Amino acid sequence: MCTLEKRGNIYVLTLTGTDDHRLNPPLLDSLQSALRRLRSEAAGGGGPCALITTAHGNYFSNGYDLDWAGSNEDRLLLMSTKLRSVVKDLISLPMPAIAAVSGHASAGGFVLALCHDYVLMRKDRGYLYMSELDIGLVLPAWFGTLLRCKIGSPAVWRDVVMRAEKMTAEVAVQKGVIDSAHGSAAETVTAAVALGEQLVGKKWEGHVYGENRKVVFAGVLDALGVGDSEEHVNATSRLLKAKNVASRL
């Protein structure tokens with residue numbers, strides 16, 4: 001699950017526990033509840049603020065909980081629907097958002113990090129990894145739209161999606177995928193707080209900030225509205241079912 005803590009004008013949203021923070025309905029519901037509480041508190045006044053999202057343990061998030069979903073199409077669609085709802089809430093959030101990536105961020109976990117305005121990451125552990133190619137799954141269309149929005153270089157976009165490259169924090173900085181790399185998880189959060197305080201000091205109007213982000217992410221919002229096609233969900237289900245059968249042989 002997750003917690004939301006306020007430190008002055010900085011909110012810290014933490015995925016708790018030492019597991020790999022798979023994006024299943026309970027965790028996604030907890031994230032959305034925290035974001036809606038944050039939005040409500042921000043609307044109540046108190047001046048500009050910023051959000052930092054981080055996680056306990058060695059993982060930021062290892063993506064969708066495919067073990068929970070199995071080959072069940074309804075469960076696959078439910079996870080997609082809930083993640084898309086969380087992403088919409090992040091994009092419309094009326095404040096700067098910073099991901100302090102504390103470990104591995106794979107597939108949907110990588111996407112979750114990229115939904116923030118800034119991505120900082122520890123360099124002593126973890127990698128960013130779009131695993132779909134390696135595990136034999138088709139990339140959701142809206143994942144691709146978000147990646148193109150956040151990764152400027154076609155060559156880097158190719159390496160992320162079509163080579164399934166596992167990028168360390170330092171490589172991700174070099175390739176322009178993230179903003180900075182730090183010595184440990186604690187140092188990453190400290191740097192994120194410093195950046196958050198700097199952004200809060202700009203005294204931007206939150207509503208305007210959120211609306212401008214929606215302009216930047218307009219293509220992503222359109223893709224989120226379309227969601228995952230029935231064909232994509234069915235194909236994913238068939239692939240997972242085949243893998244389950246093969247594992248028993």
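Model, not experiment: these values are computed from the prediction.
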message: Any heavy-atom pair between the side chains of Ser61 and Asp20 that's under 4.5 Å?
response: no
query: Between Arg125 and Asn58, is a side-chain contact (heavy atoms from CB on, under 4.5 Å) present by the stated rule, with each step listed?
result: CA-CA 7 Å; Arg125 179 186 294 274; Asn58 295 329; 3.2 Å; yes
task: Evaluate the side-chain proximity of Ile10 to Lys6: yes if any heavy-atom separation is below 4.5 Å, no if none is.
output: no
query: Is Met121 reachable from Val189 through a run of I, L, V, M, F, W or Y residues, each pair having side-chain heavy atoms under 4.5 Å apart?
result: no
task: Decide if atom CZ of Arg163 counts as having more than 12 heavy atoms of other residues, nucleotides or ligands within a radius under 6.0 Å.
output: no
- request: Over all heavy atoms of both residues, which pair between Met95 and Cys49 is shortest? Give the atoms and the distance, please.
  value: CB-O, 3.2 Å
message: Quick one, Thr14 with Glu5, criterion side-chain contact (heavy atoms from CB on, under 4.5 Å). Give me CA distance, side-chain angles, the key distance, then yes/no.
response: CA-CA 8 Å; Thr14 305; Glu5 172 192 3; 5.8 Å; no
Closest approach of Gly219 to Thr145 (non-hydrogen atoms, all atoms of both residues): O-CG2, 3.6 Å
- request: Each residue besides Tyr129 in its hydrophobic cluster should be listed here, by chain and number; the cluster joins Ile, Leu, Val, Met, Phe, Trp and Tyr at side-chain heavy-atom distances under 4.5 Å.
  value: Tyr127
task: May I ask whether Val119 and Ile52 are part of the same hydrophobic cluster, defined by side-chain heavy atoms of I, L, V, M, F, W, Y residues being less than 4.5 angstrom apart, directly or through others?
output: no
message: Please tell me whether Leu133 and Phe143 are part of a single hydrophobic cluster in this structure, the criterion being side-chain heavy atoms less than 4.5 Å apart.
response: no
- prompt: Quick one: are Ile91 and Leu221 in side-chain contact, heavy atoms under 4.5 Å?
  reply: yes
query: Can you list the steps and then say if Arg39 with Ser92 is a side chain to side chain donor-acceptor pair (under 3.5 Å)?
result: CA-CA 10 Å; Arg39 186 186 301 275; Ser92 63; 2.9 Å; yes
- prompt: Is there a donor in the side chain of Ser33 and an acceptor in the side chain of Arg37, or the other way round, less than 3.5 Å apart?
  reply: no
query: Does the side chain of His182 come under 3.5 Å of the side chain of Ser184 through a donor N or O and an acceptor N or O?
result: no
query: Which heavy atom of Arg36 sits nearest a heavy atom of Ser85, and at what distance?
result: NH2-OG, 4.0 Å
query: Taking C-beta and beyond as the side chain, do Leu38 and Leu4 meet within less than 4.5 Å on heavy atoms?
result: yes
- line: Note: Gly109 and Leu23 closest approach over all heavy atoms is N-CD1, 4.0 Å
query: Does any non-hydrogen side-chain atom of Leu112 lie less than 4.5 Å from one of Leu114?
result: no
query: Which atoms form the tightest heavy-atom contact between Met130 and Leu139, and what is the distance?
result: CE-CD1, 3.5 Å
field: Straight-line distance of Leu77 CG to Arg84 CZ, nearest 0.5 Å
entry: 7.0 Å
field: Lys123 side chain near Thr168 side chain, heavy-atom distance below 4.5 Å
entry: no
query: Do the side chains of Leu13 and Leu31 get nearer than 4.5 Å, heavy atoms only?
result: yes
message: Is it the case that atom CE in Met1 sees more than 12 heavy atoms from other parts of the structure closer than 6.0 Å?
response: yes
message: Side-chain heavy atoms nearer than 4.5 Å, only ILVMFWY residues, links allowed to pass through others: does that put Met167 and Val161 together?
response: yes
- request: Any chance you could measure Leu199, atom CG, to Leu51, atom CG, to the nearest 0.5 Å?
  value: 11.5 Å
- request: Would you please say whether a donor-acceptor pair under 3.5 Å links the side chains of His116 and Thr53?
  value: yes
task: Quick one: closest heavy-atom pair of Pro96 and Arg213, and the distance?
output: CA-NH2, 3.9 Å
query: Linking I/L/V/M/F/W/Y whenever their side-chain heavy atoms sit closer than 4.5 Å, directly or via other members, would Val111 and Tyr118 fall into one cluster?
result: no
task: Could you tell me whether Arg22 sits above the aromatic face of Trp68, with NZ or CZ closer than 6.0 angstrom to the six-membered ring centre and within 45 degrees of the axis?
output: no
message: Does this structure show an ion pair linking Lys175 with Asp159, if we count only N-O contacts that are shorter than 4.0 Å?
response: yes
Leu120 side chain reached by Val101 side chain, heavy atoms, under 4.5 Å: no
task: Test side-chain contact (heavy atoms from CB on, under 4.5 Å) on Ser106 and Tyr59 and set out the steps.
output: CA-CA 9 Å; Ser106 301; Tyr59 287 84; 5.8 Å; no
